[in-house]
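To find a chain, count down the sequence lines: A is the first, B the second, and so on, and within it residues start at 1. No hydrogens, no waters, no symmetry mates; every other heavy atom, side chains included, goes into these values.
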Number of protein chains: 2
Amino acid sequence: MQDILFDFISKYVSLTEDEKNVLLSLDLFRSVKKGTTLLKEGQKSQDFYFVLKGCIRKYYIIDGDEKTTAFYTEMEALTPHCVISKTPSEYFIGCVEDSILLVSNSDMSEEVNSKFPKFDTMCRLLSEELLAKQQINFDEFKTSSPEQRYLNLLQNRPDLIQRVPQHQLASYLGIKPQSLSRLRARILEKKS
Amino acid sequence: MQDILFDFISKYVSLTEDEKNVLLSLDLFRSVKKGTTLLKEGQKSQDFYFVLKGCIRKYYIIDGDEKTTAFYTEMEALTPHCVISKTPSEYFIGCVEDSILLVSNSDMSEEVNSKFPKFDTMCRLLSEELLAKQQINFDEFKTSSPEQRYLNLLQNRPDLIQRVPQHQLASYLGIKPQSLSRLRARILEKKS
DNA sequence: TGTATTTCTTAACTTAAGTGAACGAGTTAT
DNA sequence: ATAACTCGTTCACTTAAGTTAAGAAATACA
């Protein structure tokens, strides 16, 4: 399980065995049941999450219904906006599947940082990479129709379509569940 | 004019007079005419841009028509994806108005970096801030209809609506120019 | 200045997404 | 085991965006 973490880190910086052991000794791992809410709107939190196994999602509640804007699966990290801005959260974070997460917070990351200056380097590289990815993603979303977005998802993250409830997927694609059903039926029809 | 640059930088790091002078001596400023294409699809480039005055935009050409995905105005910085990924660009960058830009490239930024280690700090802070902004932006886009997006724009960047051609605005909002016209007419009707 | 081009708007028609309701299948709770 | 929910799908209807075409207004330019 820890291998996933070390594989991830090794993409950015290299760790000695000692460093690995200290990291493990911090006991940052947390097992979370499907359906658990990790962060609520209005809460302040210092926690950030790294998914070792499972899936978590970010969602807003607007006019009473959920709008899912992101899913995070294995090897993906989520730093909630409220951690950076130190303001109450505008959104929720919930657990889509039984998951194993690494949960750390600012206090801890000072401790981690003092022991591993490399971590700072990693965070910088990570945020630059995420920014680039995010921009491409945003552009792709803007320039395509819901149907194209679904087909792209089918290409790029086919697992999501299997593991995530349809109504969450729908709002992730920017449409209603009924429209997603219809859209899928339409695609099947075209194929045949 | 340089004040804009120094105002911007001072949000992240402080500069001595000496540092300011060296920065100015590098002669990074460039005056660009409206309509100029700064970067084309397929090109490789090391340049990144900081807008001192005017407006530039990022756009794709998909099936023969332009899809504008971002505008950059005073005090905004744009590092094209191709600079980071070192791959040919997937999009164009064009000048919407006569503009004054700071244009730098990787070679130069090594020079700059050696003279001002602070620049590295600034870039890190900047990319973290941009990532946060970008995420909020993306969420806002996903969770709203074209009409809401237009109304948001009217609130948050009213200048854009004045200075940018409607058809570019339309694709920025994810719709066709005709739909934007209609949408505006609809809003006017509601008001009265 | 006059001509061409681009830009914006309007209109009629098509297509796709939103809405409200209903239904069955699967899950949860009691 | 049964009742209550949740979830996905389907249907009929409404609303908004896409498409095609045409014309007016503004801009560029020769």
OP1 or OP2 of D/dT6 under 4.0 Å from side-chain N/O of A/His167 |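 No, because none of the side-chain N or O atoms of A/His167 sits under 4.0 Å from OP1 or OP2 of D/dT6.
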Compare side-chain N and O positions of B/Ser179 against OP1 and OP2 of D/dA17 and report whether any pair is under 4.0 Å apart.
-> no
Nearest whole Å is fine: how far is [N] [atom2] from [X] [atom1]?
X        : N      : atom1 : atom2 : result
B/Ile175 : D/dA17 : CD1   : P     : 6 Å
A/Leu173 : C/dA16 : CG    : C1'   : 15 Å
B/Arg184 : C/dT10 : CZ    : P     : 10 Å
B/Leu183 : D/dT15 : CG    : P     : 16 Å
B/Glu66  : C/dT7  : CD    : C1'   : 13 Å
A/Gln168 : D/dC7  : CD    : P     : 8 Å
A/Leu180 : C/dT19 : CG    : P     : 15 Å
A/Leu169 : D/dC7  : CG    : P     : 13 Å

Measure from the side chain of [X], starting at C-beta and using heavy atoms only, and say which of [options] lies closest.
X        : options                : answer
B/Gln166 : C/dT10, D/dA17, C/dT9  : C/dT9
B/Arg186 : C/dA17, D/dA16, D/dG8  : D/dA16
A/Ser181 : C/dT9, D/dG18, D/dT9   : D/dT9
A/Gln178 : D/dT10, C/dA11, C/dA17 : D/dT10

For the residue pair A/Tyr49 and A/Tyr72, is the inter-centroid distance of their aromatic rings smaller than 6.0 Å?
-> no
Centres of the B/Tyr91 and B/Tyr59 rings: under 6.0 Å?
->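 Not under 6.0 Å, so no.
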Kindly indicate whether a cation-pi arrangement holds for A/Lys58 with A/Phe71, taking the cut-offs as under 6.0 Å to the six-membered ring centre and within 45° of the axis.
-> no
Between B/Ser144 and B/Arg149, is any side-chain donor less than 3.5 angstrom from a side-chain acceptor?
-> no
Report yes or no: do A/Ser179 and A/Arg182 form a side-chain donor-acceptor pair below 3.5 Å?
->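 There is such a pair (donor and acceptor under 3.5 Å, judged by atom type) between the side chains of A/Ser179 and A/Arg182.
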Taking for each residue the nucleotide of DNA chain C bearing the nearest heavy atom, is the 5' side occupied by B/Arg182 or by B/Pro165?
->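 Looking at the nearest nucleotide for each, B/Pro165 comes out on the 5' side.
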